[in-house]
Amino acid sequence: MMDIRLYMLQRISALIMAPLTLGHIAVMIYAIQGGLSADEILGRTQGSVFWFLFYGSFVAAVSIHAAIGLRVIVSEWLGLRGMVLTVFGWAVFLVLLAMGAQAVLAVTQT
Amino acid sequence: MKATPDTLTVSVWRGAESGGSFESFEVPNFESQTILDIVAWIQQNSDPTLTYRYACRVGMCGSCAMMVNGVPRWTCRTHVQKVVQDNRVEIAPLRNLPVIKDLATDMDPFFDKWIAAEGLHHPTKSRHDPIEQINPESAARVEAASGIECINCSVCYAACDTVANNPDYLGPAALQRAWTVYNDSKDAGRQQVLDAVSGVGGCHNCHSQGSCAVHCPNDLNPMKAIAGLKRATATSFFRKGSRT
Ligand code: SF4
Ligand code: SF4
Ligand code: FES
């Protein structure tokens, strides 16, 4: 199920996610100081190339990482193999990517 | 002190791959006997048709492993007293392998995977070359030596849930042997080994939960060997990438 290619993709996506998660938490702690409002958040993210790239790469890494993980689980627990498994993996990846991209665009578009 | 009962109740799995069930036997409760002893006693005294496998009886050959109270063990070196519960013992064929009959499993898939993992010697020299001196303290030799005492008993293979859930997975013993071969400076197949353990059934499927290491009767640690393979394949992956 898990060949070297998928294994490396999952490790590398984890390496990308780790600092981004810490960055995300740090910004959340900073942002809620003195109350939280939608305007304040959107004021920071809208039109920002930095936040687009920050959350864009986060979403890409999460989609890859989670799709590979779920692929292993359904193959080991439900016995999915071959083409069905490939389709499942890609479907999870694309759904997560689409949902994430939608969210990133929603907060960064002007 | 509680008196020891004269007999033990032993549940033995009877049947073949197509199906079967447990059959109960009463055997003498001797003070010092192994699981293999009671299986032999049943075959010699109660039911001569009982099928099982053993050879050395001293923990060398790796042919006698069975599930004892649900746990994979080498039966020739498992004392009944150590595993008996309420005067009962349950003995079944090894998990994760097809059953031939009763307690004898077909170990072909186990050995086929050793070959598939390139867990075999790839010679560097011929008989005409002088014998190469190996420093037993060199780091690679220490790694190779750590897995060398494997007796191919398949206990780890039976203990591994990843084998149970993924029939392609090469399993702890085969991968550990691949790691031993990889670290053997007399072996010419290092890249062959890495390629063999990088496919869909390869070392990257291991979840590192260590059932193999817990149950190995020789206290080996296939999980650690597999971690070594993961590192070596990852390094080789980057090297290959930078060459293309
Ligand atoms: S550590 Fe790996 S090889 Fe060992 S039992 Fe777990 S999955 Fe199997
Ligand atoms: S690693 Fe241990 S449990 Fe596995 S086959 Fe070798 S001796 Fe048996
Ligand atoms: S009979 Fe040889 S290891 Fe048990």
Side-chain angles (χ1 to χ4, degrees), chain A residues 1-25 53-54 56-97 100, chain B residues 95-96 109 113 116-118 157 159-172 174-175 178-179 182 190-209 211-212 223 225-244:
Chain A
M1 302 308 102
M2 192 78 157
D3 58 12
I4 178 89
R5 206 173 36 96
L6 289 176
Y7 176 84
M8 292 311 291
L9 263 178
Q10 204 183 26
R11 302 298 131 150
I12 293 168
S13 57
L15 279 179
I16 296 173
M17 268 155 61
L20 294 176
T21 310
L22 292 177
H24 175 67
I25 293 172
L53 292 176
F54 183 98
S57 44
F58 201 175
V59 162
V62 167
S63 310
I64 293 171
H65 193 82
I68 298 174
L70 286 172
R71 186 179 176 278
V72 170
I73 294 171
V74 299
S75 109
E76 286 191 11
W77 286 52
L78 305 176
L80 250 56
R81 300 266 183 281
M83 200 54 189
V84 192
L85 189 60
T86 309
V87 170
F88 174 86
W90 278 101
V92 172
F93 168 69
L94 291 172
V95 167
L96 290 177
L97 192 67
Chain B
R95 179 178 178 236
N96 292 342
K113 286 177 179 178
E118 289 291 339
Y157 191 80
C160 177
D161 284 344
T162 306
V163 171
N165 295 328
N166 177 359
D168 293 330
Y169 181 44
L170 296 168
L175 290 169
W179 178 238
Y182 176 81
R190 290 171 70 99
Q191 192 56 46
Q192 247 164 294
V193 169
L194 293 186
D195 291 343
V197 302
S198 294
V200 282
C203 63
H204 307 99
N205 290 283
C206 168
H207 293 303
S208 309
Q209 288 187 334
S211 302
C212 50
M223 176 178 70
I226 293 169
L229 284 176
K230 286 178 178 169
R231 274 195 309 278
T233 49
T235 314
S236 139
F237 182 85
F238 283 124
R239 258 196 243 119
K240 259 194 215 161
S242 62
R243 257 187 313 209
T244 47

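Letters A, B, ... mirror the listed sequences (proteins, then strands); counts begin at 1.
Distance check, rounded to the nearest 0.5 Å: OH of A:Y7 to OG of B:S198 gives 10.5 Å.
With a 4.5 Å cut-off on non-hydrogen atoms, A:I12 touches chain B through its side chain but not through its backbone. Interface residue A:R81: only side-chain heavy atoms are found under 4.5 Å from chain B. Looking at B:N205, the atoms closer than 4.5 Å to chain A (heavy atoms on both sides) sit in the backbone and in the side chain alike.
Residues B:H204 and A:D3 come closest through the heavy atom pair ND1-C, 4.1 Å.
Among A:M8, A:R5, A:Q10, the residue making the largest number of heavy-atom pairs under 4.5 Å with chain B is A:M8. In terms of heavy-atom pairs under 4.5 Å with chain A, the best-connected choice from B:G202, B:G199, B:C203, B:G201 is B:G199.
Within residues 62-79 of chain A, the residues approaching chain B closer than 4.5 Å by heavy atoms are, in numerical order, A:V72, A:S75, A:E76.
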